[in-house]
Amino acid sequence: MKIQMTLNGKLTTAVIEPDMLLLDLLREKGCYSVKRGCETSNCGLCTVWMNGKPVLSCSVLAARADGAEITTLEGLQEEAAEVGAFLAAEGADQCGFCSPGLIMNVLAMERELSDPSYEEILEYLSENLCRCTGYMSQMRAIEAYLNRKKEG
């Protein structure tokens, strides 16, 4: 089956099997920020944007991307680097394996919610699992990132 999508701003064509996952297609196309984690839609490592909304690419068939706009961390490098700097400043990037999915959701949350409360941040990021940091350093970094425009 042949599909066409816009991947990180570039029109892309792919020949896929009907049961291929979006995660596998994106990695095949060189988007290595998209990680395979739990394979049960519970860890957030495979988060990408489909038509501007975060989705878990391990639970989306690649065929659903036909005609869609798909954005991975590779397509948001400048913004991602800024979030990453805040994570690093708080020591919240210990192994970094969860960082791409977390950053994708932080950027989506920033676009969707204006001035989210601590509880709203927790809720929005509840599906992003990290085995290293204990989350407190991540939360400090995310709050500082979201508040950066208020302070400067």
Side-chain angles (χ1 to χ4, degrees), residues 1-113 116 120-135 137-139 141-146 148:
M1 150 187 265
K2 187 175 181 178
I3 66 166
Q4 193 173 49
M5 64 184 168
T6 302
L7 177 59
N8 296 323
K10 296 178 184 170
L11 193 59
T12 304
T13 302
V15 176
I16 62 165
E17 293 296 321
D19 62 348
M20 183 179 212
L21 294 174
L22 180 57
L23 166 73
D24 296 320
L25 174 60
L26 294 174
R27 290 188 61 82
E28 188 178 282
K29 293 292 182 183
C31 298
Y32 300 118
S33 70
V34 184
K35 306 284 192 230
R36 182 178 305 282
C38 66
E39 297 186 69
T40 59
S41 303
N42 288 308
C43 71
L45 294 176
C46 65
T47 301
V48 300
W49 295 350
M50 179 180 275
N51 298 323
K53 300 287 184 195
V55 297
L56 299 170
S57 63
C58 76
S59 61
V60 174
L61 290 174
R64 288 202 48 219
D66 191 27
E69 182 178 332
I70 305 297
T71 306
T72 69
L73 201 65
E74 286 84 357
L76 299 167
Q77 290 183 9
E78 203 171 294
E79 293 172 83
E82 187 177 4
V83 177
F86 278 85
L87 291 170
E90 289 293 338
D93 62 343
Q94 291 179 16
C95 84
F97 197 67
C98 69
S99 295
L102 176 67
I103 291 171
M104 290 299 293
N105 273 324
V106 168
L107 293 173
M109 178 179 58
E110 181 180 34
R111 285 168 168 75
E112 187 177 325
L113 305 177
E120 287 173 315
I121 295 169
L122 283 176
E123 176 66 26
Y124 202 98
L125 302 176
S126 65
E127 294 180 8
N128 287 94
L129 301 182
C130 175
R131 298 183 190 271
C132 301
T133 66
Y135 300 105
S137 56
Q138 287 180 342
M139 286 302 293
I142 292 164
E143 285 183 304
Y145 170 77
L146 294 173
R148 74 197 184 288

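Just so you know, these numbers use all the heavy atoms, side chains as well, and skip hydrogens, waters and symmetry mates.
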Inter-residue atom distance Leu73.CG - Thr71.OG1, 0.5 Å rounding:
10.5 Å
Counting C-beta onward and ignoring hydrogens, is there a side-chain heavy-atom pair between Cys43 and Phe97 closer than 4.5 Å?
no
Would you sort out whether Ile142 and Leu102 count as a side chain to side chain contact (heavy atoms under 4.5 Å, CB included), showing the intermediate values?
CA-CA 10 Å; Ile142 292 164; Leu102 176 67; 4.2 Å; yes
Begin with the C-alpha distance, continue with both residues' side-chain angles, and end with the deciding distance and a verdict on side chain to side chain contact (heavy atoms under 4.5 Å, CB included) for Leu56 and Glu127.
CA-CA 10 Å; Leu56 299 170; Glu127 294 180 8; 3.9 Å; yes
Would you say Asn105's side chain and Tyr124's backbone share a donor-acceptor pair under 3.5 angstrom?
no
Nearest-0.5 Å distance that lies between atom CG in Leu107 and atom OH in Tyr145
5.0 Å
Spacing of CD belonging to Glu28 relative to CG belonging to Leu26, to within rounding of 0.5 Å:
9.5 Å
According to the side-chain hydrogen bond (donor to acceptor under 3.5 Å, both in side chains) rule, which pairs have a member within residues 87-103, sequence neighbours left out?
Glu90-Arg140
Shortest non-hydrogen separation from Met104 to Trp49 and the atoms involved
O-NE1, 3.1 Å
For Ala62 against Ile3, the heavy-atom pair lying closest together:
O-CD1, 3.5 Å
Check this for me: does any side-chain nitrogen of one of Glu74 and Lys29 sit under 4.0 Å from a carboxylate oxygen of the other?
no
Heavy atoms from other residues, nucleotides or ligands near CD of Glu123 exceed 12 (cutoff 6.0 Å):
no
Atom CD in Glu69, atom CE in Met5: separation rounded to 0.5 Å?
11.5 Å
Quick check: closest heavy atoms across Cys31 and Leu7, and the distance to 0.1 Å?
SG-CD2, 4.0 Å
For side chain to side chain contact (heavy atoms under 4.5 Å, CB included), just list the numbers for Met139 and Leu122, CA-CA rounded to whole Å, side-chain angles, deciding distance to a tenth of an Å, and then say yes or no.
CA-CA 8 Å; Met139 286 302 293; Leu122 283 176; 3.9 Å; yes
Closest non-hydrogen atom pair between Leu22 and Ala65, with its separation
CD1-CB, 3.9 Å
Apply the test side chain to side chain contact (heavy atoms under 4.5 Å, CB included) to residues Val48 and Val60: give CA-CA distance (whole Å), side-chain angles for both, the deciding distance (0.1 Å), then the verdict.
CA-CA 11 Å; Val48 300; Val60 174; over 6 Å; no
Thr13 and Gln4: which non-hydrogen atoms are nearest, and at how many Å?
OG1-NE2, 3.7 Å
Any side-chain heavy atom of Leu23 sitting closer than 4.5 Å to one from Arg27?
yes
Shortest non-hydrogen contact between Cys98 and Leu45, atoms and distance
CA-CD2, 3.2 Å
Quick check for you: to the nearest 0.5 Å, what is the distance between Arg36 atom CZ and Ser57 atom OG?
8.5 Å
Other residues, nucleotides and ligands only: do more than 12 of their heavy atoms fall within 6.0 Å of CZ on Arg111?
yes
Can you tell me how far the CG atom of Leu61 sits from the CD1 atom of Ile16, to the nearest 0.5 Å?
8.0 Å
